[in-house]
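So the structure is just underneath, and the comments pick up after that.
For ligands, and for the atoms within them, numbers begin at 1 and follow the listed sequence. In this text, all values refer to a predicted model and were calculated from it rather than measured experimentally. Residue indices begin at 1 and follow the sequence shown.
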Amino acid sequence: MPLAFTPKDWESRAKEMGLPAFRGRQIFDAIHRRGVTSFEAMTELSRADRRRFQDLFPMALPEVVRREASADGSVKYALRLSDDALIEAVFMPRGEALASAESEFADARAEGPGGRSAAIRPPRTPPGERATLCLSSQTGCAVDCRFCVTGRLGAGRNLSGGEIVGQYLAVRREHPDTSLSLVFMGMGEPMLNFENVAQALKVFTKTISPRRITVSTAGFPDGIRRLGELEKVPNLAVSINAADERTREEIMPVTRAHPLAEVLAAMKAFPLPPRRRITAEYVLIDGVNDSVEDAKKLGRLLRGLPVKINVIPLNPDPRYLPEFQPPSETAIDAFVEELARQKYTVTVRRSRGPDSYAGCGQLKGRAADSRRR
Ligand code: SF4
């Protein structure tokens, strides 16, 4: 798929066509630096070469079929792939204070030990300056985390490397002046589509620092190991969600195949560049995993690991997740304070765009609904 070609791939193609290698690099730059996905518009190539490339390597971006904007500025995009499968990507603007790799998301609530978990509002920057794009890696998800709408709606197919890159380019086209960070936290489990995600990462890291790319997993040790072996290692986020095996099995059945101990061992072995930490994600669910005792256990579980903890209050969804409720504000505060007391860096991520169902764990449903009905 031409959208997933690296500069070297394009150089080889150019040489095979009897052209100098730099023509290949020009094509890569046109696509990935200038967002040009039509050979016709690559006027640095001769008219005849444009036609040859067009015939040999036709490129098509996923079609944006729906945009749902939220009051906070995030936009959920529904994109249609060439086989009519629908995926979703979420654009999330963010403030200047969130630009560092250490702080990926808005709504940091508590930082550092002992701090009262009062809401910290990031300073606002003009919209469109910096943003995070949440990408999908599959058209559904077979992992079946119980609190996740995507999981509820079942397995889908893997996205190709070109479809993953195309998803990014299609949304970037709508925000051409925005500097994007990427998170693989949309539909699907990236580690179950590792080859294609890795190919997309090879392309992304040519124009985006790996420090600004995060791959999130439900906890597949082999995938974590392979991610750490990439030439350019992105940030890693792991959904922990419960500090004891039994609770985690209940809300994340994948725990039976990959127990917490294995996941933690893979996290420990992950090769972290200096000053980077793994994000331990924890979806907080009322009455399931949100007590102070749970926070104490989580602190003990993660002791010694280079992590920051990202607490994500569950987004309620009466239709797909009627049995789960979001935690109270008091429970969130107490949970965060306990972890802060244990000297963890904790942020609370308010999932962006709940009013358009663009929040964490809420992808796929709405775009796919009309089809299902
Ligand atoms: S949380 Fe992620 S891994 Fe779990 S079911 Fe949802 S999409 Fe799949």
Honestly, for Thr217 the part within reach of ligand 1 (heavy atoms, under 4.0 Å) is neither
I'd like to know if the side chain of Asp290 reaches the main chain of Leu284, judged simply by a donor and an acceptor atom lying under 3.5 Å from each other, with no hydrogens or angles considered. no
Across all chains, not counting sequence neighbours, the salt bridge (Lys or Arg N to Asp or Glu O under 4.0 Å) partners of Glu229 are Arg225
In ligand 1, the atoms that come under 4.0 Å of a heavy atom of Asp144 are 5 (S)
By side chain to side chain contact (heavy atoms under 4.5 Å, CB included), Phe57 pairs with (sequence neighbours left out) Pro2, Phe5, Trp10, Arg13, Met17, Phe39, Phe53
So the atoms of ligand 1 within less than 4.0 Å of a heavy atom of Cys145 turn out to be 1 (S), 4 (Fe), 5 (S)
- Item | Contact check: Cys141 to atom 8 (Fe) of ligand 1, N/O/S below 2.8 Å | yes
Give a yes or no on this: more than 12 heavy atoms of other residues, nucleotides or ligands lie within 6.0 Å of atom CD of Glu231. no
Which of Arg212, Arg277, Arg276 passes side chain to side chain donor-acceptor pair (under 3.5 Å) with Asn235? It is Arg276
To atom 2 (Fe) of ligand 1, the nearest of Ser239, Gly151, Ala218, Gly188 on a heavy-atom basis is Gly188
